[in-house]
Amino acid sequence: MSILLKNVHLLDRPEDERSDVKVDGGRIAAICAAGEGAADGWEADEVLDCSSKTLMPGLINCHTHAYMSLMRNYADDVPFETWLFDRITPIEDSLTADDAYWGNLLSIMEMIRTGTTTFVDMQMFPRMAVQACADSGMRALISRGLVGQSRSDEAAKRRLDEAFDEMEYGKTIGALCDFALGPHAIYTCGEDLLSYVSDLAAEKGMRVNIHLAETEHEFRSCIAEHGLTPTAYLEKLGLLDRDILLAHCVYLADEDYALLARPNVHVVTNPASNLKLANGFAPVHRMLKEGLQVAIGTDSAASNNALNLFTEMRLLTMGQKGVTKDALALTAEETLEIATANGARAIGRDDLGRVEEGRTADLVLIDENAPTMRPLYNRKAALAYSASGYEVSDVLIEGEFVYRDGEYTTIDAERVLFETEKIAERYR
Ligand code: NI
């Protein structure tokens with residue numbers, strides 16, 4: 001289907017300039033000054049007047065656990081270790097694959113509603129995540145969470161086999177999903193298993209998705225056990241030579257920055273989750289100054305407690321300014337880059353993350369009549385500082401509407417709410 005978005009505002013054009021954007025075959029086929037393309041005889045199956053809309057690239061949530069929206073607001077105001085081991089893990093262990101399917105869809109609903117078009121996931125039931133993506137039209141990079149001591153560990157082997165099965169399954173149902181290897185963390189995976197994952201990633205050309213240096217306890221324990229910081233430990237195991245996403249990196253030693261400043265390494269900051277679990281605030285300002293690549297994620301709804309990248313961007317930029325006492329620590333423009341183009345690079349999809357001719361059409365329309373968007377002095381500032389996500393009116397993924405005029409086009413929202421409430425009844 002081809003779509004013509006007429007008279008729309010683009011973020012990288014002057015505030016008063018309007019453009020026409022043609023979407024065809026899942027791509028941004030052409031962009032020109034408003035009226036010129038139509039005058040040249042542009043035709044499309046659908047023409048939308050976007051006179052009161054801003055068009056922006058879909059946001060990319062580079063770290064979450066989508067099925068965990070089932071545990072939203074279930075375990076709050078408790079310390080990290082209690083939260084993870086006493087409250088969350090027991091529920092996780094009792095979830096069925098069917099439960100996970102509905103949890104994934106609930107998360108996808110929230111992400112689409114707030115302008116996210118791609119998410120990076122660490123899953124217990126990847127098949128259900130893949131199915132939920134296929135059914136909703138959502139894009140994702142999915143990894144099966146791996147735990148265990150060594151490559152001969154039965155549970156680790158089973159989880160890896162499952163991960164490879166699910167990749168095949170994803171291809172057969174046409175989901176917009178890529179796959180990564182997902183060793184959970186250095187404190188849940190042994191040295192041998194981590195080395196094995198590093199070898200597998202090299203052999204198969206796959207990305208690695210891992211939590212790193214999330215807590216002070218993890219940082220100190222790693223030094224006590226291995227004589228190395230978590231970052232230096234990953235370097236020793238060869239993992240920093242792979243295309244890798246490192247969720248958190250709240251605790252970095254001075255010498256860690258140089259180890260992380262390479263084009264294949266992507267730090268994914270999760271400001272709300274780190275604050276809520278009382279783990280601190282990642283030094284993103286310094287990361288950027290030292291040449292690290294930084295993307296953003298929400299982490300799960302069990303620790304955030306939302307999957308909303310607009311509120312996450314606001315927290316990130318304001319937090320960096322506050323912590324550094326530098327109003328320029330992270331500008332609105334840099335913050336938007338982190339949530340779009342940097343995210344695209346982190347997942348190896350340079351075709352995403354910008355509104356440019358030839359790129360894949362993962363696009364979000366913003367309603368400029370929302371009070372938070374007025375007056376329209378500076379759209380980037382409005383999106384990074386004022387917006388809450390509910391200014392999103394329409395969302396396209398690969399050139400297809402998944403949200404249109406405030407309605408889901410692919411998801412039966414009532415059914416998802418009904419099914420997730422039914423699951424929650426078991427845990428009340
Ligand atoms: Ni996480």
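Counting starts at 1 for both ligands and their atoms, in listed order.
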- [ ] Could you grab the distance from atom CE of Met373 to atom CG of Leu376, nearest 0.5 Å is fine?
- [x] 6.0 Å
- [ ] Write out all pairs satisfying ring-ring contact (aromatic ring centres under 6.0 Å, His included) with one or both partners inside residues 212-233, taking only residues at least two apart or from two chains.
- [x] His226-Tyr233
TODO: Have a look at Lys276 and tell me which of Asn305, Asn270, Asn304 forms a side-chain hydrogen bond (donor to acceptor under 3.5 Å, both in side chains) with it.
DONE: Asn305
Open item on the list: Donor-acceptor pair, distance only, cut-off 3.5 Å: does the side chain of Asn378 make one with the backbone of Lys380?
Closed with: yes
Task: Arg379 and Thr54: side chain donor to acceptor below 3.5 Å - done: yes
- [ ] Could you please tell me which protein N, O or S atoms lie under 2.8 Å from the Ni ion (ligand 1)?
- [x] His63 NE2, His65 NE2, His211 NE2, Asp299 OD1
- [ ] Would you please indicate yes or no on a ring centroid separation below 6.0 angstrom for His184 and His65?
- [x] no
